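Keep in mind that this is a model prediction, so the values were computed, not measured.
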Amino acid sequence: MRLGLIVAFVVFVFDQLTKYWVRTDLLSGRGAIMVTDYFNVITAWNTGVSFSMFDNYGVWGIIGLSLLALVIVGYLLWWMKHESSPLLLVALGFIVGGAVGNVVDRICLGAVFDFLDFHYGAHHWPAFNAADSFICIGAAIIIFDSIFSKKAKEV
């Protein structure tokens, strides 16, 4: 469990530091910075969940989504306590750290700060942040492990 908690802490700190740096220093009053023809650093506030789903519920949405995320984090911590695979502990740490980072945004800022904007011409992927990236990577590792691990083949 210790490995997962360390990873979760590092992910949380990295997420919060990058969000703070982009908000207060990098963008510093600017709405966006064009980095390449397909990538911008922007200011985007997400009051919902992935892809801004459920974003029109005001304070109740913030409370509800935060509580739901904390329940999920609680389950993942329980899983982490019972997990022995270092790979899965890292994956769970990625998800927990990212989820807690986004909950902190919701509670402290009223919305999750997203700033990574990938696009092709006028077609934009929804903006995201480091926490979202770690959550996706952690989920992908868990899926990959469940498909290709030795335990899965024994079943």
> Taking side chain as C-beta onward, heavy atoms only, is I135 less than 4.5 Å from N102?
Replying inline: yes
> Does N129 reach the main-chain N or O of F113 with its side chain, forming a donor-acceptor pair under 3.5 Å?
Replying inline: yes
>> Given 3.5 Å as the limit, does a donor-acceptor pair link the side chain of S146 with the main chain of I143, or not?
In response: yes
>> Restricting to side-chain hydrogen bond (donor to acceptor under 3.5 Å, both in side chains), what partner residues turn up for D25, sequence neighbours left out?
In response: W21
> So do the side chains of F39 and V41 get within less than 4.5 Å of each other, counting heavy atoms only?
Replying inline: yes
> Any side-chain heavy atom of W45 within less than 4.5 Å of one from L109?
Replying inline: yes
> Does one hydrophobic cluster hold both V11 and L17, with members joined at side-chain heavy-atom distances below 4.5 Å?
Replying inline: yes
List, one per line, each side-chain donor-acceptor pair under 3.5 Å for residues 67-74, sequence neighbours excluded.
none

> Quick one: does V7's side chain get under 4.5 Å of F94's, heavy atoms only?
Replying inline: yes
> Is the closest side-chain heavy-atom distance between N40 and I33 below 4.5 Å?
Replying inline: no
>> Quick check on R2: does its CZ atom have over 12 non-hydrogen neighbours (other residues, nucleotides or ligands) under 6.0 Å away?
In response: no
>> Do V90 and L3 have side chains that approach each other closer than 4.5 Å (heavy atoms only, starting at C-beta)?
In response: yes
>> I'd like to check the side-chain hydrogen bond (donor to acceptor under 3.5 Å, both in side chains) partners of D105; sequence neighbours left out, ordered by chain and number.
In response: Q16, K19
>> Do I95 and I142 make a side-chain contact, defined as non-hydrogen atoms from C-beta onward lying under 4.5 Å apart?
In response: yes
>> Are the side chains of F128 and N46 in contact, using a 4.5 Å heavy-atom criterion?
In response: no
> Would the F12 and F14 ring centres measure less than 6.0 Å apart?
Replying inline: no
>> Does F9 have more than 12 heavy atoms from other residues, nucleotides or ligands lying within 6.0 Å of its CZ?
In response: no
> How are the rings of W78 and H82 set relative to one another: parallel (under 30°), tilted (30 to 60°) or perpendicular (over 60°)?
Replying inline: tilted
> Has F118 got more than 12 heavy atoms of other residues, nucleotides or ligands less than 6.0 Å from its CZ?
Replying inline: yes
